[in-house]
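Take a look at the structure below.
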Amino acid sequence: MSATYNFCAGPAMLPQVVMQKAQSELLDWNGLGTSVMEISHRSKEFIALTEQAEVDLRELMSIPSNYHLLFMHGGGRGQFSAVVNNFLGDKGKALYLVSGSWSKAAVEEAVKLTSKDQIESINIVKNDNGINTVVIPELSGKGDEYRYLHYCPNETVDGIEIFDDIDSPWPIIADMSSNIMSREIDVSKFGLIYAGAQKNIGPSGLSIVIVRDDMLTLPSLPQSSIMDYRLAVKHGSMYNTPPTFAWYLAAEVFTWLKSVGGVSGMAKVNLDKAKLLYDFIDSSDFYSNAVAVQNRSVMNVTFYLKDETLNAEFVSQAKTAGLVALKGHRSVGGMRASIYNAMPIEGVEKLVEFMKGFADKSAT
Ligand SMILES: *Cc1c(COP(=O)(O)O)cnc(C)c1O
């Protein structure tokens, strides 16, 4: 076993057993004498894989039967444009809640694709004395002119997570790229959920879309066929050749997740991991976190060193200790430990031990 723990925000580490299985069957999958990457996506073996993946993900997330499950190209950002092109037509309006970098990027893409006044956005993060808190405004008074409300329940860059349900009079679209399957959610509260795969699902390039069937009656615009939800539904996510290897690995991740207690089992471990790290940060004068306790991300723990001139030294010594990819996103600085489903608690324990040692050394 390698001694490295990878805290990369994405593409992120995958469960070791999944990688080992992929390695063992790389050249000969299912007794076919070829890899899963080298067979037709329409072969009966691959179709069987996709059917099992669908059963597993539906079970893992308790997805109701009036929702379609799509495996699409283009990662998270691909869906920024897909939701606009599929649901807004040339007159529809949408409301975007902005809580950090990714929800802001979703707004920018939506504005680019629409005409004046179709996109409205509200900043929902208040900064008080350096601490970021999510404050969701009362939405029911805003009338009923929006086709959907878009938000990002977990801001990967900023380490801000929204745990409360949003009370919205309009269908909710959620970008769950970095917290899908990290805890239980009630899918029936959403019109559409999407997630780029490379944080909690599998390799990059793939995105998972869970869409309620009535959403597909909203007027769409002429658009790229590969991003058209209706075509994707009609063709079982195979309008064109899907990212088959990513789909295969995602299927293996679903199998793994079921074997370790499903989403509810994983959620408990995730809370333990996050608590370990945040409790340590709070107990230390050397490290700090800038997010209100109730909005601290369970998946992406951002933190700062009191003496920021030590940042490079921290990253470098951590790497030597086998703890890699801890540098924060360039837009916010500091550090970030992404502790997705695949990160074992031992990795977080080792990180805390390292952080303690680094702080003690630096204090003397
Ligand atoms: C990573 C991420 C994205 C972008 O995913 P890409 O696959 O790079 O397009 C979008 N939203 C969130 C919340 C993310 O974490």
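These values consider heavy atoms only, across backbone and side chains, with no hydrogens, waters or symmetry-generated copies. Whatever order the structure lists them in is the order used to number ligands and atoms, beginning at 1.
- Val55 belongs to no hydrophobic cluster, as no Ile, Leu, Val, Met, Phe, Trp or Tyr side chain comes under 4.5 Å of its own.
- Look at Arg183 and Glu161 and you find a salt bridge, because one of the NZ, NE, NH1 or NH2 atoms lies within 4.0 Å of a carboxylate O, short of that distance.
- The shortest distance between side-chain heavy atoms of Tyr194 and Met176 does not fall below 4.5 Å.
- Ligand 1 lies under 4.0 Å from heavy atoms of Gly75, Gly76, Arg77, Phe80, Trp102, Cys152, Asn154, Thr156, Asp175, Ser177, Ser178, Gln198, Lys199.
- A 4.5 Å side-chain heavy-atom check between Ile122 and Tyr96 finds every atom pair outside the cut-off.
- Hydrophobic cluster membership for Phe163: Leu271, Val298, Met299, Tyr340 (Ile, Leu, Val, Met, Phe, Trp, Tyr linked by side-chain heavy atoms under 4.5 Å, directly or transitively).
- The side chain to side chain donor-acceptor pair (under 3.5 Å) search around Asp272 returns none, not counting sequence neighbours.
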